[in-house]
Amino acid sequence: MSAKKKEQLLSSAMKRTSEWISSQEIPSDIAVHVGETSFSLHKTQIVSKCGFIKKLASESSNLNVIKIHDFPGGAGAFELTIKFCYGINFEMNTENIAMLRCAAEYLEMTEEHSVTNLVETTEVYLKEVIFKNLSKSVKVLKKSEDLLPIAERVKLVTRCVDSIAYVTCQESQRKEDTVVDWWAEDLAVLRIDMFQRVLVAMMARGFKRHGLGPVLMLYAQNALRGLEVFGKGTRKKMGVEQEHEKRVILETIVSLLPRERDSVSVSFLSMLLRAAIYLETTVACRFDLEKRMGLQLRQAVLDDLLFPSYSSDGDNTMFDVDTVQRILMNYLEFEVEGNSLGFASDICELMETYLAEIASDRNINLATFIGLAECIPQHSRVTEDRMYRAIDIYLKVHPNIGEVEKKKICSLMNCQKLSEEACVHATQNERLPEQTVVQVLYHKQQSLRRLLSDSDSPAAATATGSEILALPKVSSYNNELSKLNRENQGLKLELLQVKRKFKELEKEKSFEVMSCWDCSPVSNASSVVKPPLPRKSFISSVSWKLGKLNPFGLTQGRIKAPKGRRHSIS
């Protein structure tokens with residue numbers, strides 16, 4: 001129902017009330033102005049039940065006009081109290097009970113002035129109908145938000161809060177799971193201060209704190225709806241008061257989050273952190289969310305880390321990298337230093353994927369990129385392929401950086417951990433500095449040598465299948481090893497062929513030397529029948545041949561060696 005229609009109905013109801021009062025035989029003698037609405041009443045009828053008006057009438061005998069500016073519930077509530085004073089029947093329900101109770105308190109309609117007065121009547125209805133039902137208690141509490149401070153004075157807010165806390169705790173004890181129940185949706189309509197009071201009262205009655213997570217998630221989804229926190233752009237037009245209200249809601253929700261890990265999802269924490277950055281909450285609020293995300297970073301996906309940048313200092317970057325770096329540092333503090341290294345490889349994969357994502361931003365400077373990359377532990381990287389991909393994207397998007405900067409960014413990766421495909425790509429990548437390409441080639445050659453050496457060893461030949469399967473990256477490693485083994489067999493075959501050719505050449509050379517010996521001009525029949533002497537060295541053979549050449553022109557008849565040199569082989 002629209003506000004205009006409600007106003008029309010209220011005006012018509014007041015008109016009928018005024019007509020009914022004017023139709024009495026006794027003319028009205030007092031006018032009460034509530035806001036801009038005027039009521040013509042009978043002083044005797046009103047004073048008999050309203051201590052407030054009775055006090056004013058006693059102070060002035062000529063009281064004809066009373067003006068009330070701050071009446072709880074406005075003219076509508078005052079009309080219902082007048083009907084009660086005149087004995088006109090009306091329905092008392094969850095929509096009007098809160099303002100009736102507050103109006104009765106304002107007008108002092110107690111048992112002191114009349115039996116079964118409005119205060120007592122409303123109290124009975126609250127105890128018998130409202131406080132025994134959670135949904136009705138929530139509705140009355142919601143109505144009480146506009147009736148402060150008098151609703152606090154009559155303890156209407158406190159009693160509604162206690163009633164809600166009692167019922168919810170009874171429900172949680174009957175159910176062992178922590179699934180959001182029907183009452184959580186009812187609580188989502190409350191104002192943040194009332195919502196906080198309800199949760200505090202629930203915990204005081206024994207409600208488990210970790211069970212508040214789903215309730216807070218549902219409340220936040222309703223209360224923070226409409227914030228543009230999933231994309232960079234101009235800040236959404238929002239009034240100062242509305243932005244302040246959203247900021248208070250967010251900071252209160254963060255303060256109520258359970259301290260237990262996994263009480264809320266990391267995606268929900270990411271949404272809260274986006275909103276905190278967008279609304280410019282306190283630093284303590286943002287740091288609290290960053291620490292919580294650090295605790296649950298192993299559950300995060302890439303989208304949970306893509307925080308848009310809302311910087312107003314001229315920074316045109318697309319992503320808030322500093323926030324992600326603080327989250328990573330919190331993870332390292334909680335997980336790595338806590339000897340929980342089993343999650344490190346998963347985190348490395350996530351952060352290297354994030355690096356590749358932000359590398360496509362032309363406004364990301366080198367210092368920011370390197371600063372985040374250096375926070376990723378190198379010892380937990382199974383492979384450097386993702387780091388190489390991030391570096392390659394950055395070099396492609398930033399083609400104007402110098403050689404020194406290229407060497408610095410390439411030093412982030414360990415070339416020994418690149419896969420076969422990455423090595424092939426790196427050796428042909430013109431964006432990489434020559435020094436990096438040389439390192440890739442060198443480490444690849446060293447790896448090849450080790451594989452060849454291992455393939456020749458007896459241990460490698462007798463390796464069992466289970467040992468091979470235990471190696472990381474089994475399928476790719478086996479394929480590479482098979483390829484290298486085939487190349488190794490080819491090299492061995494070529495080596496055998498070279499050895500055989502070398503032996504043949506050696507035999508040919510030995511044959512030439514023997515041929516020169518057999519063709520000597522000096523021959524003797526007795527030398528033919530002699531057993532062959534031991535093989536002489538090449539120098540000894542040449543010396544012997546020179547001795548037989550007869551350089552001094554001796555005659556042919558002297559074929560016998562001198563007596564003292566008979567056994568000489570020179």
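As the structure is a prediction and not an experimental result, all values here were calculated from the model.
With Ser270 contributing its side chain and Asp304 its backbone, the two residues share a donor-acceptor pair below 3.5 Å. Arg159 contributes a side-chain N or O that, together with a main-chain N or O of Val154, makes up a donor-acceptor pair within less than 3.5 Å. A distance-only check finds a donor-acceptor pair linking the side chain of Gln296 to the backbone of Val264 [under 3.5 Å]. Distance alone, capped at 3.5 Å, places no donor-acceptor pair between the Thr158 side chain and the Lys155 backbone. In this structure a side-chain-to-backbone donor-acceptor pair under 3.5 Å is present from Arg362 to Val397. Checking side-chain atoms of Lys142 against main-chain N and O of Val189 turns up a donor-acceptor pair under 3.5 Å. When atom types are taken as modelled, the side chain of Thr427 and the backbone of Cys423 share a donor-acceptor pair closer than 3.5 angstrom. Judged by distance alone, the side chain of Arg247 and the main-chain N or O of Leu279 form a donor-acceptor pair under 3.5 Å. A donor-acceptor pair is defined here as one N or O able to donate and one able to accept, closer than 3.5 Å; such a pair exists between the side chain of Ser163 and the backbone of Phe131.
Going from atom CD of Glu243 over to atom CD of Glu280 covers 7.0 Å, rounded to the nearest 0.5 Å. With rounding to the nearest 0.5 Å, the separation of CD in Glu105 from CG in Leu100 is 13.0 Å. Between the CG atom in Leu355 and the CG atom in Leu372 there is a gap of 4.5 Å [rounded to 0.5 Å]. Separating the CG atom in Asp146 from the OG atom in Ser144 is a distance of 9.0 Å, to the nearest 0.5 Å. One finds the CG atom of Leu148 at 11.5 Å from the CZ atom of Arg153 (value rounded to the nearest 0.5 Å). Separating the CD atom in Glu352 from the CG atom in Leu412 is a distance of 10.5 Å, to the nearest 0.5 Å.
Leu305 places none of its side-chain heavy atoms less than 4.5 Å from the side chain of Phe319. In this structure, Leu273 and Phe268 have side chains that are not in contact, with every pair of non-hydrogen atoms separated by 4.5 Å or more. Side-chain contact between Val266 and Leu295: absent, with no pair of heavy atoms (C-beta onward) separated by less than 4.5 Å. Between Leu212 and Leu199, some side-chain heavy-atom pair lies under the 4.5 Å cut-off. The side-chain heavy atoms of Arg274 and Pro308, taken from C-beta on, include a pair separated by under 4.5 Å. Counting heavy atoms from C-beta outward, Tyr394 and Ile358 have side chains that stay 4.5 Å or more apart. Between Arg298 and Asp346 the shortest side-chain heavy-atom distance does not fall below 4.5 Å. Using a 4.5 Å cut-off on side-chain heavy atoms (C-beta onward), Leu350 and Leu297 make contact.
Contact detail for Cys375 and Met329: the closest heavy-atom pair is SG-SD, 3.7 Å. Leu250 approaches Ala275 most closely through the heavy-atom pair CD2-C, 3.6 Å. The two residues Leu216 and Pro258 have their closest heavy-atom pair at CD1-CD, 4.1 Å. Minimum interatomic distance between Ser265 and Met217 (heavy atoms only, all atoms of both residues): OG-CE, 4.0 Å. Pairing each heavy atom of Cys410 with each of Leu432, the nearest pair is SG-CD2, 3.8 Å. Residues Ile130 and Lys136 share a closest heavy-atom pair of CG2-O, 3.9 Å.
Checked by atom type, the side-chain pair Ser419/Asp385 shows a donor-acceptor distance below 3.5 Å. Counting only N and O atoms by type, the side chains of Asn222 and Glu185 include no donor and acceptor under 3.5 Å apart.
Residues passing the ring-ring contact (aromatic ring centres under 6.0 Å, His included) test with Tyr125, sequence neighbours excluded: none.
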### Query
Between Leu257 and Asp288, is a side chain to side chain contact (heavy atoms under 4.5 Å, CB included) present by the stated rule, with each step listed?
CA-CA 10 Å; Leu257 287 175; Asp288 188 10; 6.0 Å; no
### Task
Give the C-alpha distance, both sets of side-chain angles, the deciding distance and a yes or no for side chain to side chain contact (heavy atoms under 4.5 Å, CB included) between Tyr388 and Val440.
CA-CA 12 Å; Tyr388 169 67; Val440 173; over 6 Å; no
### Query
Going through the distances and angles, do Leu187 and Ile164 end up as a side chain to side chain contact (heavy atoms under 4.5 Å, CB included)?
CA-CA 9 Å; Leu187 296 183; Ile164 296 169; 3.8 Å; yes
### Test side chain to side chain contact (heavy atoms under 4.5 Å, CB included) applied to Ile150 and Phe71, step by step
CA-CA 10 Å; Ile150 193 169; Phe71 192 80; over 6 Å; no
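Counting only residues at least two apart or in different chains, side chain to side chain donor-acceptor pair (under 3.5 Å) contacts with residues 399-415 are absent. The list of salt bridge (charged side-chain N to carboxylate O under 4.0 Å, His left out) pairs with a residue in residues 186-205, not counting sequence neighbours, reads Glu152-Arg197, Arg191-Asp193.
The environment of Lys417 atom NZ is dense: over 12 non-hydrogen atoms of other residues, nucleotides or ligands sit within 6.0 angstrom. Heavy atoms of other residues, nucleotides or ligands lying less than 6.0 angstrom from CZ of Arg389 number 12 at most.
One finds no salt bridge joining Lys396 and Asp392 here, because no Lys/Arg side-chain nitrogen approaches an Asp/Glu carboxylate oxygen to under 4.0 Å. With respect to the salt-bridge test (charged N to carboxylate O, under 4.0 angstrom), the residues Arg286 and Glu290 do not qualify.
The ring of Phe195 has its center closer than 6.0 angstrom to the ring center of Tyr219.
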